[in-house]
> 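Handing you this structure, nothing more for now.
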Amino acid sequence: MSQAGPRPPTLLVRNADVLVTMDGGRREIRGGGLFAEGNTITAVGHSRDLPETADRVLDLSGHIVVPGLVNTHHHMYQSLTRVLPAAQDASLFGWLEALYPVWARMTPEMLRVSTLTAMAELLLSGCTTSSDHLYLFPNGCRLEDTIESAGEIGMRFHAARGSMSVGRSRGGLPPDSLVEDERSILEDTQRVIEAHHDPSPLAMLRVAVAPCSPFSVSRELMRESASLARALRVSLHTHLAENDNDVAYSVEKFGMTPAEYAEDLGWVGPDVWHAHCVKLDEAGIALFAGTRTGVAHCPCSNMRLGSGTAPVCRMVASGIAVGLGVDGSASNDGGNMLGEARQALLLQRVGLGPSAMTARQALELATLNGARVLGRNDIGSLEPGMAADFAAFDLSGVNTAGALHDPVAALVFCAPAQSSWVVVNGRVVVEEGRLRTIDLPLVLERHNRLAQRLVSV
């Protein structure tokens with residue numbers, strides 16, 4: 001007779017001022033809590049209805065608990081090059097041209113440390129799952145450098161193997177020194193998927209296929225990447241329709257709008273999500289809605305680069321899954337997911353009025369919708385069977401003073417708070433505002449020294 005394995009550790013959360021479930025009924029439970037066994041939530045409800053004991057008990061009186069926030073677009077290596085003077089006041093193409101030569105000097109150590117730094121910032125803002133779009137690999141850098149950092153810090157991770165293959169000599173934007181051979185790109189992409197992608201429920205690591213953009217890769221690479229992704233049953237990701245110059249390039253080079261170009265190459269469907277889509281036209285919105293193609297909305301980056309305001313409300317109304325992304329730390333200069341939710345709300349209201357987006361709708365973009373964009377049905381809400389991923393925020397701080405009559409709205413409207421507790425896959429990663437998995441001061445010291453070395457050449 002076979003013996004059962006060891007009992008998974010249990011975690012009990014109780015007495016939260018409000019627990020935001022994001023479940024089908026969008027319940028907000030006063031005095032709420034949850035019970036988790038191992039990495040899975042098994043009960044959610046009022047604290048009096050939950051088990052009384054567990055291996056670890058968190059009394060979160062005075063806190064709001066929300067599903068772990070989901071970041072659908074990032075370039076984590078860019079935390080090394082924040083606010084570079086040459087790129088502070090440029091639009092997208094000029095910004096890229098100023099930064100490409102700097103990024104070409106990046107080393108594997110710089111990639112590992114910058115990823116740890118970016119992930120630390122995300123976790124401390126309540127983010128438990130993040131994608132990262134890495135599309136340049138100079139000086140021996142590999143996707144594994146980011147994957148290893150995610151494992152060390154304890155973040156649920158979607159590693160997007162990006163690429164650039166069309167340099168300036170062939171009409172592209174990046175310098176030739178930063179592009180790769182297309183056959184090598186496809187071979188290495190297949191290698192990292194087969195080595196690291198985990199398709200199972202509650203997976204901590206997945207890999208996506210992610211050519212950088214229409215102005216840095218060929219038609220052939222886009223098509224072959226889509227074929228590879230579908231053969232290996234993984235997601236597809238790229239940048240699309242980010243600003244007017246991006247659209248003009250697509251029309252001039254391909255004779256199509258960005259959305260038409262994406263459709264022509266097979267880059268639409270529920271397994272695809274595009275970053276930005278600031279200039280997605282009405283036909284493009286209809287196409288994405290009809291094909292269930294996802295969008296990563298990056299409001300801070302779009303504002304910083306002067307790209308414009310994405311038609312998020314029209315996208316959501318049409319049925320498109322729209323999540324939030326902090327984008328690269330050199331085009332946002334921050335990585336706070338609550339801050340991104342706040343900016344998403346405010347930016348839509350600038351153009352469409354104060355009823356355009358509510359605080360709860362913005363929070364849904366940052367949680368449940370982000371999960372949909374990444375193709376996940378096991379994160380983004382707090383309910384039985386879902387991953388034990390959540391964040392708790394202290395409501396006693398100065399930033400929420402006077403707002404406790406509606407803590408959920410306060411979380412979005414008020415100045416972004418730092419998380420007090422963050423649990424990923426049932427593991428406490430942030431405890432009383434401090435990261436438990438890495439020595440953050442040591443990482444930041446190393447990060448700043450490497451950043452100075454990178455930009456001082």
Side-chain angles (χ1 to χ4, degrees), residues 68 70-76 127-135 143-144 146-147 150 155-163 185-186 188-214 217 221-241 258-259 261-263 265-277 280 287-298 315 319-327 365 367-380 387 389:
V70 179
N71 177 33
T72 62
H73 185 64
H74 206 334
H75 307 292
M76 294 184 181
C127 179
T128 57
T129 298
S130 183
S131 65
D132 182 50
H133 189 187
L134 180 63
Y135 52 81
L143 197 67
E144 278 84 354
T146 65
I147 289 171
M155 173 161 268
R156 198 179 298 277
F157 190 39
H158 283 232
R161 204 298 183 185
S163 56
I185 289 168
L186 293 166
D188 190 63
T189 301
Q190 181 169 347
R191 178 191 68 80
V192 295
I193 293 168
E194 292 174 345
H196 301 292
H197 177 72
D198 181 358
S200 65
L202 307 180
M204 286 292 287
L205 176 63
R206 291 186 177 168
V207 179
V209 180
C212 182
S213 64
V217 299
L221 182 60
M222 291 289 285
R223 284 199 181 97
E224 291 190 48
S225 294
S227 296
L228 176 65
R230 286 173 177 133
L232 298 178
R233 301 173 69 92
V234 300
S235 296
L236 287 155
H237 182 51
T238 192
H239 299 90
L240 198 79
Y261 185 60
E263 182 181 29
L265 298 174
W267 273 74
V268 291
D271 56 349
V272 182
W273 87 102
H274 293 281
H276 303 297
C277 296
L280 197 65
L287 171 67
F288 279 27
T291 56
R292 294 187 294 142
T293 304
V295 171
H297 174 45
C298 306
M315 292 180 192
I320 296 174
V322 180
L324 295 181
V326 301
D327 201 11
L365 295 182
T367 53
L368 194 61
N369 271 21
R372 287 178 59 202
V373 167
L374 294 183
R376 305 286 302 235
N377 60 7
D378 53 0
I379 61 173
D389 290 7

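Keep in mind the model is a prediction, meaning the values are calculated, not measured.
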> For S225, enumerate each residue passing the side-chain hydrogen bond (donor to acceptor under 3.5 Å, both in side chains) test, keeping only those at least two apart in sequence or located in another chain.
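Partners of S225 by the side-chain hydrogen bond (donor to acceptor under 3.5 Å, both in side chains) criterion come out as none, since no residue qualifies.
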> Taking the ring centre of each residue, are H276 and H297 less than 6.0 Å apart?
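Ring centres of H297 and H276 not closer than 6.0 Å.
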> Taking the side chain as everything from C-beta on, heavy atoms only, tell me whether M155 gets closer than 4.5 Å to C127.
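The answer is yes, as the side chains (C-beta and beyond) meet within the 4.5 Å cut-off.
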> Between T238 (side chain) and P211 (backbone), is there a donor-acceptor pair under 3.5 Å?
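Here the side-chain-to-backbone pair exists.
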> So do L324 and N71 actually touch side chain to side chain, heavy atoms under 4.5 Å?
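No, too far: nothing below the 4.5 Å cut-off.
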> Please identify each residue that fulfils salt bridge (charged side-chain N to carboxylate O under 4.0 Å, His left out) with D389, with sequence neighbours left out.
R156
> According to side-chain hydrogen bond (donor to acceptor under 3.5 Å, both in side chains), who are the partners of H158, at least two apart in sequence or on a separate chain?
R376
> Please check if the side chain of H239 supplies one atom and the backbone of A275 the other of a donor-acceptor pair under 3.5 Å.
no
> Once you round to the nearest 0.5 Å, how far does CH2 of W273 lie from CG of L374?
5.5 Å
> Could you state the interatomic distance from CH2 (W267) to CG (L236), rounded to the nearest 0.5 Å?
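Reported to 0.5 Å precision, the distance equals 4.5 Å.
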> In Å and rounded to the nearest 0.5 Å, what is the CZ to OG1 distance from F157 to T128?
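These two atoms lie 14.0 Å from each other.
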> Working note: I185 + Y135, criterion side-chain contact (heavy atoms from CB on, under 4.5 Å); need CA distance, chi angles, decisive distance, verdict.
CA-CA 10 Å; I185 289 168; Y135 52 81; over 6 Å; no
> Could you check S163 against L221 for side-chain contact (heavy atoms from CB on, under 4.5 Å), going step by step and ending with a plain yes or no?
CA-CA 9 Å; S163 56; L221 182 60; 3.7 Å; yes
> Would the number of heavy atoms belonging to other residues, nucleotides or ligands and lying under 6.0 Å from CZ of R292 be above 12?
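No, the 6.0 Å shell around CZ holds no more than 12 heavy atoms from other groups.
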> By side chain to side chain contact (heavy atoms under 4.5 Å, CB included), which residues pair with N369, not counting sequence neighbours?
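Once residues adjacent in sequence are excluded, the partners of N369 under the side chain to side chain contact (heavy atoms under 4.5 Å, CB included) criterion are E364, L365, R372.
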> Backbone N or O of S235 within a donor-acceptor pair of the D271 side chain at under 3.5 Å?
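Answer holds: no.
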> Answer yes or no: is there a donor N or O on one side and an acceptor on the other, between the side chain of S227 and the main chain of R223, under 3.5 Å?
yes
> When rounded to the nearest 0.5 angstrom, what distance separates CZ in R233 from CD1 in I193?
13.0 Å
> Step by step, work out the side-chain contact (heavy atoms from CB on, under 4.5 Å) result for L134 and R161.
CA-CA 6 Å; L134 180 63; R161 204 298 183 185; over 6 Å; no
> Pair L232, H197 - check side-chain contact (heavy atoms from CB on, under 4.5 Å), show working.
CA-CA 10 Å; L232 298 178; H197 177 72; over 6 Å; no
> Under the rule for side-chain hydrogen bond (donor to acceptor under 3.5 Å, both in side chains), what residues qualify as partners of E144, not counting sequence neighbours?
R191, H196
> Roughly how far, to the nearest 0.5 Å, is CD of E263 from OG1 of T293?
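If I round to the nearest 0.5 Å, the distance is 9.0 Å.
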> Show the atom names and distances, to 0.1 Å, of all donor-acceptor pairs under 3.5 Å that link a side chain in residues 202-209 to residues at least two apart or in another chain.
unit_1: R206; atom_1: NE; unit_2: D198; atom_2: O; d: 3.0
unit_1: R206; atom_1: NH2; unit_2: P199; atom_2: O; d: 3.2
unit_1: R206; atom_1: NH2; unit_2: S200; atom_2: O; d: 2.8

> How far apart are the closest heavy atoms of V70 and A371, and which atoms are they?
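Taking every non-hydrogen atom into account, CG1-N, 4.0 Å.
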> Donor-acceptor check, side chain of H237 to backbone of A160, threshold 3.5 angstrom: yes or no?
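No, H237 side chain to A160 backbone: no donor-acceptor pair under 3.5 Å.
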> H73 and H75: side-chain donor and acceptor closer than 3.5 Å?
yes
> As an exercise, state the distance from CG of L368 to CD1 of I379, rounded to the nearest 0.5 Å.
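Separation between the atoms: 9.5 Å.
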